[in-house]
Student: 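For reference, the structure I am asking about is given below.
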Number of protein chains: 2
Amino acid sequence: MIEKHLMKLRIRDAISAEEEAALAAAAGDVVRYAADQTFVTAGQELGNSTLLLEGLICRYKDLSDGQRQITALHVPGDFPDLHSFTLKYLDHNIMALTPCTVVQFPHARLQSITEQHPHLTRMLWFMTNLDAAIHREWEVSLGRRSALERTAHLLCELHVRLSVVGLASDREYALPITQTDLAECLGLTSVHVNRVLKDLRERGLVEFRGGKVVIGDLAELRRAGEFDPAYLYLERRPR
Amino acid sequence: MIEKHLMKLRIRDAISAEEEAALAAAAGDVVRYAADQTFVTAGQELGNSTLLLEGLICRYKDLSDGQRQITALHVPGDFPDLHSFTLKYLDHNIMALTPCTVVQFPHARLQSITEQHPHLTRMLWFMTNLDAAIHREWEVSLGRRSALERTAHLLCELHVRLSVVGLASDREYALPITQTDLAECLGLTSVHVNRVLKDLRERGLVEFRGGKVVIGDLAELRRAGEFDPAYLYLERRPR
DNA sequence: CGTCGCTTTGACACCTCTCAAGGGGGGTGG
DNA sequence: CCACCCCCCTTGAGAGGTGTCAAAGCGACG
């Protein structure tokens, strides 16, 4: 069940048959979540980490005035709360943005992996470090890029990340979330996201409509967002 | 040499004598960096990770138009590039903000730790996950908080983090960086940071002057920044 | 005592937010 | 099968927070 989701790891390093078996053995229950279901709450003690098989997941924090910031978006093959293995409880909530299928990995079994499979452990550690790299790029977007740049950048990032797991073609991918969800990723209001999307569409760069992203001009879209995928660590060595 | 810097880890979990010895044995050269010295460049292959003993370090990314975003600030006891152990090269630069003393940990020795000390490995993994938690809180600040809230929040965060390593009293701590550095953390211009600091000072909340932060009213400062230290994982269990 | 980097302040511009209203599409119940 | 409703998208007008540009003050250091 998890075989095809190891693709993401294999890009970066070899996984032995033994390691693959150990991971498969660590897998626990398969669970489904409904759209908009918050299945991990900040502060809650956790005994499992979750591998996303199907659907989209976000991690978010709410502010006292009702504002929300989404701090991460997850696509199939991601481990949205692998970090809860060492943290024990989280500082944020986790929600399914669409109906999702996940596999749970009991922390006790992950602990066995750390005791018996150091190389696999380092690969899991790598995955949480990759998540942090994406956080950093989002910090740059939120801190320094304009609304248009930020939006273009995020659409480029998702294009790459979904391509890696075979869920995007050269020109399009499914993104069945609302403009409000996007706004909460981008630190903008949904009203403004709407205007930015209109602008991107009218310039022929990209169209987001009906839960689908259609890229009109990938080179221009990347330029508009100053997108450089280096931070996604798709290369084993720096260029 | 590293004993007192393990404080940060001991808050969260017990370190055995054997683990402490293993860590000490992994320590390599002690190195000094001058203020403003960038000692790790994005894309550079790395063979060491760095434990900060003295001084302040930042991690940052530059944009093509000359803007800069600082994505993390590090205080003594932090491991600013521990993640390079699994990533091999980094997506960002690392710079000393003040004169610094660090100890380098060769990745080969860290790899031995992952092979012989699973519990210690999990604690190191925890440290990188804590960095990611701080990244997330910064995303919230950058995305959703006003300039004043953001600034107050950062000053509160540093107060807590420096207190943990004995470098802050109840009311003050040294922060020998410029307003421009602060602005680059906060996603603001230095001109605006200056106005915000004036506002905070006139309200009696906090004063930042001459490289020193003096807190006038901690409770009010925390309220102004909506600061909740939960994301710093100072408690082993959720409240 | 001059220089240089950092801080401070003012005036004005502009990006994004707020508030408000209307449009469209899909699901549900009568 | 139709009508209604709700959620989401779209658009406009005006407000406000932060950026830009510019200049002067200040302090450390040589």
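Naming convention: chains lettered A, B, ... in sequence-line order (proteins, then strands); numbering from 1 in each chain.
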Student: What's the separation between atom OG1 in B/Thr50 and atom CG in B/Asp81, rounded to the nearest 0.5 Å?
Tutor: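 Taking OG1 in B/Thr50 and CG in B/Asp81, the distance rounds to 3.5 Å.
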
Student: Could you check B/Gly187 against A/Asp36 and say which one's nearest nucleotide on DNA chain D is further toward the 5' end?
Tutor: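 Result: A/Asp36.
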
Student: So if I take every side-chain heavy atom of B/Val191 and compare against C/dT18, D/dT18, C/dT9, which nucleotide ends up nearest?
Tutor: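 The listed nucleotide nearest to B/Val191's side chain is C/dT9.
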
Student: Any side-chain N or O of A/Asn194 below 4.0 angstrom from OP1/OP2 of D/dC9?
Tutor: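 Result: no.
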
Student: In terms of side-chain heavy atoms of A/His192, which of D/dC9, C/dT16, C/dT9 is nearest?
Tutor: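 Per side-chain heavy atoms of A/His192, the pick is C/dT16.
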
Student: Look at the side chain of A/Asn93 and the backbone N and O of A/Ala42, then say whether any donor-acceptor pair between them is shorter than 3.5 Å.
Tutor: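 Yes: the side chain of A/Asn93 pairs with the backbone of A/Ala42.
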
Student: I'd like to know if B/Arg195 reaches the base of D/dT20 with its side chain such that a donor and an acceptor end up less than 3.5 angstrom apart.
Tutor: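 Counting by modelled atom types and ignoring angles, a donor-acceptor contact under 3.5 Å is found here.
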
Student: How long is the line joining CG of B/Asp199 and C1' of D/dG16, in whole Å?
Tutor: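 From B/Asp199 CG to D/dG16 C1': 15 Å.
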
Student: Under a 3.5 Å cutoff, is there a donor and acceptor pairing between the side chains of A/Tyr89 and B/Glu235?
Tutor: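 Not at all, the side chains of A/Tyr89 and B/Glu235 share no donor-acceptor pair under 3.5 Å.
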
Student: Quick one: is D/dT10 close enough that its OP1 or OP2 comes under 4.0 Å of any side-chain N or O from A/Gln179?
Tutor: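 It does, given that an N or O in the side chain of A/Gln179 lies less than 4.0 Å from OP1 or OP2 of D/dT10.
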
Student: In whole angstrom, what separates B/Arg145's CZ from C/dC17's P?
Tutor: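 Result: 17 Å.
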
Student: Rounded to whole Å, how long is the line connecting atom CD of B/Glu202 with atom C1' of C/dT9?
Tutor: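 That distance rounds to 12 Å.
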
Student: Rounded to the nearest angstrom, tell me the gap between atom CG in A/Asp65 and atom P in C/dC17.
Tutor: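 After rounding, the gap between these two atoms is 13 Å.
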
Student: Check whether the side chains of A/Thr178 and A/Asp181 place a donor and an acceptor atom closer than 3.5 Å, and report yes or no.
Tutor: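 A pair is found: one side chain offers a donor N or O, the other an acceptor, under 3.5 Å apart.
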
Student: Under the criterion side-chain contact (heavy atoms from CB on, under 4.5 Å), which of A/Val102, A/Leu73, A/Val75, A/Ile57 is the partner of A/Pro80?
Tutor: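 By the side-chain contact (heavy atoms from CB on, under 4.5 Å) criterion, A/Pro80 pairs with just one of A/Val102, A/Leu73, A/Val75, A/Ile57: A/Ile57.
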
Student: What are the residues of residues 205-213 of chain A, sorted by number, that bring a heavy atom to within less than 4.0 Å of DNA chain D?
Tutor: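 Heavy-atom cutoff 4.0 Å gives A/Arg209.
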
Student: To the nearest 0.5 Å, what is the distance between CD on B/Gln69 and CZ on A/Arg145?
Tutor: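 The distance works out to 10.0 Å.
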
Student: D/dC8 phosphate, OP1 or OP2: any side-chain N/O from A/Thr178 under 4.0 angstrom?
Tutor: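 A/Thr178 to D/dC8 OP1/OP2: no side-chain N or O under 4.0 Å.
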
Student: Send over the distance from A/Leu142 CG to D/dT18 P, rounded to a whole Å.
Tutor: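 Whole-Å distance recorded here is 15 Å.
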
Student: Between A/Lys198 and D/dT10, does any side-chain N or O lie under 4.0 Å from OP1 or OP2?
Tutor: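 Checking A/Lys198 against D/dT10: no side-chain N or O falls below 4.0 Å of OP1 or OP2.
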
Student: State which of C/dT8, C/dC17, D/dC9 makes the closest approach to the side chain of A/Leu188.
Tutor: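 Ranking C/dT8, C/dC17, D/dC9 by closest atom to the A/Leu188 side chain puts C/dC17 first.
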
Student: Send over the distance from B/Leu200 CG to C/dT8 P, rounded to a whole Å.
Tutor: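 Value for this atom pair: 12 Å.
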
Student: Nearest whole Å is fine: how far is C/dC15 P from B/Gln67 CD?
Tutor: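 The distance from CD of B/Gln67 to P of C/dC15 comes to 13 Å, rounded to the nearest Å.
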
Student: Please tell me which of the listed nucleotides, D/dT18, D/dG12, C/dC17, lies nearest to the side chain of B/Ser146?
Tutor: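 Closest nucleotide to the B/Ser146 side chain: D/dT18.
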
Student: State whether the side chain of A/Arg144 and the backbone N or O of B/Arg68 hold a donor-acceptor pair below 3.5 Å, judged by distance alone.
Tutor: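 Side chain of A/Arg144 to backbone of B/Arg68, a donor-acceptor pair under 3.5 Å: yes, one is there.
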
Student: Grab the CG-C1' distance between A/Leu197 and D/dC8 for me, whole Å please.
Tutor: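 One finds 13 Å between C1' of D/dC8 and CG of A/Leu197, rounded.
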
Student: Could you label the plane-to-plane angle of the B/Phe227 and B/His153 rings as parallel, tilted or perpendicular, counting under 30° as parallel and over 60° as perpendicular?
Tutor: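 Perpendicular, since the angle between the ring planes exceeds 60°.
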
